Amino acid sequence: MIETIRWTEEGVVMIDQTRLPIEENYVTCRNYEEVAEAIRGMVIRGAPAIGVAAAMGVALGFLHAAEADLDGQFARICETLAKTRPTAVNLFWAIARMRRVYDSMRGQPPAAIRRALIEEALRVREEDIAICQAIGRNGAPLVPDNRTVLTHCNAGALATAGYGTALGVIRAAVEAGKQVDVFADETRPFLQGSRLTVWELQQDRIPTTLITDNMAGHYLKSGRIGCVVVGADRIAANGDVANKIGTYSVAVLAKENRVPFFVAAPVSTLDLTLACGDLIPIEQRAPAEVTHVFGQPVAPPGAAAANPAFDVTPARYITAIITENGVARAPYEESLRQLMNQAAVIR
Ligand code: MRU
């Protein structure tokens, strides 16, 4: 299995997702500021993986904190990490989880707090792999046999601690003996589909065809696609889903062509404090990601470019939301709340 992120004596080691598939390079973040920079610069990306990185960043930051004003330093570490990317709620979920451990250790010797934070960060990573496998088990029965699955962006092992959410569902369907192949949207502008999803599925020998984003409608209409499975960065209480820019267009085209549209995500991606998707903060990234590809201009100098990194798919386009706790269907206000309070079956 691809190792997205791990804790080592030297620091937090991540596979550099800005360099894949050209080179398989690993970077070591030796302090929390470097972890924050890796999240911002998308060396590590994908909502659950961002959460694991943030948890490890908090642990690493506190490991190196000076003995004076521990509370102040802990707050600064959390704030720095929280400012990296605004949309994926797993970032804030992971920081809050680390803060709960810190608060519960109040009055204990710093060495014991350091140990507890490292142990918690390692648990976040381990649990994430088990959660993805549970998502896979819950989602595999929904994938039609002998058909093509369309996916957008990368919601795979690289976007999690391992196995993946949307790609976890595909992996589990294949492991269950289903004959499926994958169509991967290239996912402009950062090309997570072509660079990461195709690379990742190649490792597992799952037959994959790369298409440009504007080919999705053609294939959804053709009858070839049995279902769409995507990940999520934040899911509001009414089932609206923020995910990689372009997801909304795919969802509308799927509904128009009566193709089931599934969202696969851990419960940590649910943000039931937000009534609907309009309240989800959408990250705006640098225009240069649109005007340039791998540093090469693809637009005339001075071209204005917009770069919202995510869009919101209204719940009415979503056939089901697959979590580790089970599968939610409309009305999502009820089904998501139920799943949130239910224990997962994680092996
Ligand atoms: O900008 P990214 O690459 O972090 O965006 C990733 C996505 O939109 C994924 O689909 C989402 O985080 C789910 S990952 C399991």
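The chain is numbered in sequence order, starting from 1. Atoms within each ligand, like the ligands themselves, are counted from 1 in listed order. Source: prediction; values computed, not measured.
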Q.
Ignoring hydrogens and geometry beyond distance, is a side-chain donor-acceptor pair present between Glu324 and Asn138 at under 3.5 Å?
A.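 There is no such pair between these side chains.
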
Q) What is the closest protein heavy atom to atom 11 (C) of ligand 1, and at what distance does it sit? A)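 Sorting protein heavy atoms by distance from atom 11 (C) of ligand 1 puts Asp233 OD1, 3.1 Å first.
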
Validation: residues 279-288 side-chain donor-acceptor distances under 3.5 Å, sequence neighbours left out:
from, atom 1, to, atom 2, distance (Å)
Glu283, OE1, Arg85, NE, 2.9
Glu283, OE1, Arg85, NH2, 2.8
Glu283, OE2, Arg85, NE, 3.3
Glu283, OE2, Arg285, NH1, 2.8
Arg285, NE, Glu289, OE1, 3.2
Arg285, NE, Glu289, OE2, 2.9
Arg285, NH1, Arg40, O, 3.3
Arg285, NH2, Arg40, O, 3.2
Arg285, NH2, Glu289, OE2, 3.1

Given that the side chain starts at C-beta and the backbone is N, CA, C, O, which of these parts of [X] lies under 4.0 Å from ligand 1, counting heavy atoms, or is it both or neither?
{"X": "Gln192", "value": "side chain"}
{"X": "Cys153", "value": "side chain"}
{"X": "Pro48", "value": "side chain"}

Q. Centroid-to-centroid, Phe62 to Tyr102, below 6.0 Å?
A.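 Yes, the ring of Phe62 comes within the 6.0 Å limit of the ring of Tyr102, centre to centre.
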
Q | Phe261-Tyr317 aromatic ring centre distance below 6.0 Å | A |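 Not close enough - the centres of the two rings lie 6.0 Å or further apart.
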
Q. Distance under 6.0 Å and angle within 45° of the ring axis: does Lys244 meet both against Phe310?
A. yes

Q. With a 4.0 Å cut-off on heavy atoms, is Ala88 touching ligand 1?
A.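 No; Ala88 lies far enough from ligand 1 that no heavy-atom distance drops under 4.0 Å.
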
Q) Hey, does Met42 sit under 4.0 Å from ligand 1 if you only count heavy atoms? A) yes

Q.
Can you check which of Gln17, Arg45, Lys244 brings a heavy atom nearest to atom 3 (O) of ligand 1?
A. Arg45

